[in-house]
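See below for the structure under consideration.
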Amino acid sequence: MEKVKSLADLKKISESFKKGIDLREKSSHPDDIVQVKVAMATCGIASGAKETMEYLSSELEKRGIEAIVTQTGCMGYCYAEPTIEVTLPGQNPVVYGEVDIRKADEIIEKYIKTGELVNGIIPQNYETID
Amino acid sequence: MHLLVCGGTGCRASESAGIEAKLKSELEKRSLDQSVQVISTGCFGFCEKGPIVKVMPDNTFYTQVTPADAETIVAEHVVKGRRVESLIYTDPSSKEKVEESAKMGFYKKQLRIALRNCGFINPENVDEYIARDGYLALGNIITGMKPQEAIEIMKESGLRGRGGAGFPTGLKWDLTARTEADQKYVVCNADEGDPGAFMDRSILEGDPHSVLEAMAICGYCIGSDKGLIYIRAEYPLAIERLKIALSQAREYGLLGNNIMGTEFSFDIELRYGAGAFVCGEETALIHSMEGLRGEPTLKPPFPSESGYNGKPTNVNNVETLANIPVIYLKGAKWFSSIGTEKSKGTKVFALAGKINNVGLIEVPMGTTLREVIFEIGGGIKDGKKFKSVQTGGPSGGCLTEKHLDTPIDFDNLIAAGSMMGSGGMIVMDEDDCMVSMARYYLEFTVEESCGKCAPCRIGNKRLHELLDHICKGNGKLEDLDRLVNMSNVIKDTSLCGLGQSSPNPVLSTINNFKDEYDAHVTDKKCPAGQCRDLMEYFIIEENCVGCTACARVCPVAAITGERKEPHLINPAICIKCGACMEKCKFDAIIIQ
């Protein structure tokens, strides 16, 4: 990692990540990549988010789907943990709640493979500042 | 095409399952069930206008849908592609129909500022934070602003401390900046002692860099190069993520010497607390960090004059800090445009208790309790009746139905007899006994009192004893006066915030639920059926068939009776465990 020596350096890093350079480096088809975020705060992990995340990353690879599975913090839906957010290429993110291994399998088979939504969507009920 | 039907508890109570079934059967009738899917979702947070059906991909948002409307939606919208006007939400102020959910952002009552990155970025990757303009506020300030200018912006923004007391952050910074010293400290209070509140933990776990950045900004403003985060050791994941964040920030040179090529240097260390409630109080926290007993000392001197190691110290809470970088990026005006006159911005609440959507929410100040509990929170569990909401944790008060339309802010909550505290919000229903609730909170404060000052150490103990007497049916009418008097003395004479606020649950429940106290004291009854000593298990002779199931399950052999004859509970032996009632298949056992 290079040091950030000036404000201009910082802005350069910020820009490069905003443009999704990270995504391009990881994939030869950046436009086809599926992004999955798993809410991994203490509350999520306690309800099994770790197992869900491990399952998702290994199964997506096994089933030949190019995807990036990352962890993130608490989305706030404690009543529906574990929660994950799936972004299909060119589409708005969809949040699913109570994603155990069975639900994760259904999400891969139906939503990720065919784009067909499955039960258990959590509508985003908040606005975030940019 | 997808039809999303709200399956949140609120909507389900108003027949959303029937709508789902009807939509499916209507689609089947028209052989559309293969191309159009009906999906049940979680709560939309708009229960007032439920049940809700959303049509994708055109994002039409139908409100107050009935099963009878399902046919219309399928026949008109799905088949003919025409929106069903009568079901489209009408904006109450403009009287205009709002067709697309994208345009009805206003129904989203939550605005995430402090939680802006939680659940969005990977907390273990500094680049993702930087991509969200992370460390840009710090960069702008240290390269182009004088400390005093930055402090003025903080003052203008109107940000007040989110840890409980609501002290203006800019003023605190100014006070510490004005004190001359060879060394000053920036302390982040991540002690979060309020049981039931977990916003600080979530911020540290989901967006640790925002706290680090804010501490560095504060360091620049007050003239400090050293930050300390006091975090409880029971937050291992938050600690791990903080450590990762610290090392990444150092690797990038965003912490350390000569940050971004300037003269400004700043670094941060972690200090672990053992989880005492009183250590959330800033003087106790500082003593704990110094390796002394976690006991508060009288203010003044304030930490801004003499804090950690006797040096000027600025203590801010995690949530307060998480707000700070954005304030500098978007401006003080932007921030002060959100919220109420005296409380700006948003507040994070941890919704818990008898509420459907238990969760972490962030709403603009001025949102009402009703909106939080019945919209975002999805209402009371199992269709029970709302009774009370406890805000501010063990030192807050219990508010009632009549407070539901109070806009939440620091001053309104205090005027209502409670407080903002760190943002715990515990909802109670008709089955909760307010006297035993007050006793429960007192039990906590008695245990957590550091014992340094007499009013808190002895007074709270006595309060707890009195409440215990009342719950056990030994209370006298004059005890209620004693409770109030003693509470006021404790509030007035305790050394720190813990004692000054610990009688709040008692006073607020006496004020708002006087009849319940009276029932305990005069009639020796607990209206909610919670106080064991005030209830008696009783077998209804007509219903009892003499199956002996209750007698066999009773652990103390309090139930007697011949086979096939009505049984009898001996109240002198009965320990009121309720095992018999659970076992009885004939509803013959009741609580009196």
Side-chain angles (χ1 to χ4, degrees), chain A residues 1-22 37 39-46 70-81 83 85 91-98 110 115-130, chain B residues 2 4 6-7 37 39-46 54 56 105 108-113 115-124 127-128 130-131 133-136 139-140 143 198 201-203 205-207 235 237-238 248 251-254 260-261 326 330 356-362 376:
Chain A
M1 221 187 260
E2 279 215 15
K3 289 240 178 212
V4 180
K5 290 188 205 77
S6 65
L7 186 55
D9 274 4
L10 182 78
K11 286 181 177 165
K12 224 185 282 165
I13 299 176
S14 179
E15 277 313 304
S16 72
F17 276 91
K18 274 180 192 161
K19 284 182 195 141
I21 283 181
D22 187 41
K37 289 180 192 171
M40 290 264 280
T42 298
C43 36
I45 294 172
T70 52
Q71 62 172 349
T72 185
C74 170
M75 300 188 198
Y77 307 111
C78 310
Y79 65 95
E81 293 290 351
T83 45
E85 184 190 274
Q91 292 197 28
N92 286 328
V94 175
V95 175
Y96 285 102
E98 287 166 67
K110 284 199 177 157
E116 186 183 315
L117 295 172
V118 297
N119 285 341
I121 293 174
I122 302 194
Q124 184 178 332
N125 66 351
Y126 57 78
E127 275 186 280
T128 307
I129 52 160
D130 330 306
Chain B
H2 287 101
L4 307 188
C6 181
Q37 267 88 42
I39 301 292
S40 113
T41 72
C43 182
F44 277 86
F46 199 43
K54 185 176 169 183
M56 299 265 279
K108 292 177 181 167
K109 303 202 181 273
Q110 293 196 61
L111 176 64
R112 287 183 144 206
I113 297 177
L115 297 176
R116 64 193 175 280
N117 291 328
C118 281
F120 190 82
I121 62 166
N122 180 351
E124 296 184 8
D127 292 325
E128 292 200 16
I130 293 174
D133 290 333
Y135 290 104
L136 185 63
N140 288 339
T143 57
F198 49 91
R201 191 192 71 207
S202 292
I203 290 170
E205 287 175 357
D207 190 17
Y235 281 179
L237 185 65
Q248 289 181 345
E251 262 183 69
Y252 259 153
L254 296 167
M260 293 186 225
V326 201
K330 291 185 167 279
N356 282 317
N357 304 339
V358 168
L360 198 62
I361 63 156
E362 181 170 354
I376 302 168

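Computation of the quantities below employed the complete heavy-atom set of this structure, encompassing side-chain atoms and omitting hydrogens, waters and symmetry-equivalent molecules. Chain A is the first sequence line, chain B the second, and so forth, proteins listed ahead of strands; every chain is numbered from 1.
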If you count heavy-atom pairs within less than 4.5 Å of chain B, which of A:E85, A:Q91, A:E81, A:M40 leads?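 Among A:E85, A:Q91, A:E81, A:M40, the one with the most close pairs to chain B is A:M40.
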
Within this structure, what is the [atom1]-[atom2] distance for the pair [X] and [Y], rounded to the nearest 0.5 Å?
X	Y	atom1	atom2	result
A:I13	B:L136	CD1	CG	12.0 Å
A:K11	B:D133	NZ	CG	9.5 Å
B:I361	A:Y77	CD1	OH	12.0 Å
B:R112	A:E127	CZ	CD	12.5 Å
B:I39	A:L117	CD1	CG	5.5 Å
B:N117	A:T128	CG	OG1	9.0 Å

Begin with the C-alpha distance, continue with both residues' side-chain angles, and end with the deciding distance and a verdict on side-chain contact (heavy atoms from CB on, under 4.5 Å) for B:R201 and A:C43. CA-CA 10 Å; B:R201 191 192 71 207; A:C43 36; 4.0 Å; yes

Counting heavy-atom pairs under 4.5 Å to chain A, which of [options] comes out on top?
options	answer
B:A131, B:S202, B:P123	B:A131
B:Y235, B:F120, B:Y135	B:F120
B:I203, B:N140, B:D207, B:L4	B:N140

For a quick test of reading the model, state the closest non-hydrogen atom pair linking A:C78 to B:L360 and the distance between them.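 Heavy atoms of A:C78 and B:L360 come nearest at SG-N, 3.8 Å.
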
Do you know the tightest heavy-atom contact between B:C43 and A:P123?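 Scanning both residues, the minimum pair turns out to be O-CD, 3.5 Å.
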
Does any heavy atom of chain B fall under 4.5 Å from the side chain of [X], the backbone, both, or neither of them?
X	result
A:A39	neither
A:K5	backbone
A:V95	neither

Under a 3.5 Å distance rule, please check whether A:T72 uses its side chain to pair with a backbone N or O of B:I121 as donor and acceptor.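 Such a contact is found between A:T72 side chain and B:I121 backbone.
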
Polar side-chain atom of B:E205 near backbone of A:T42 as donor-acceptor pair, under 3.5 Å: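 Yes; at least one donor-acceptor contact below 3.5 Å.
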
Can you confirm whether more than 12 heavy atoms, excluding those of B:K330, are under 6.0 Å from its NZ atom?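 Yes, the 6.0 Å shell around NZ holds more than 12 heavy atoms from other groups.
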
By a 4.5 Å heavy-atom criterion (distance strictly below it), what part of B:S40 contacts chain A: side chain, backbone, both, or neither?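 Its backbone and side chain both get close to chain A.
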
So A:N125 and B:Q110, do their side chains get closer than 4.5 Å, heavy atoms only?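 Answer yes - side chains close enough.
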
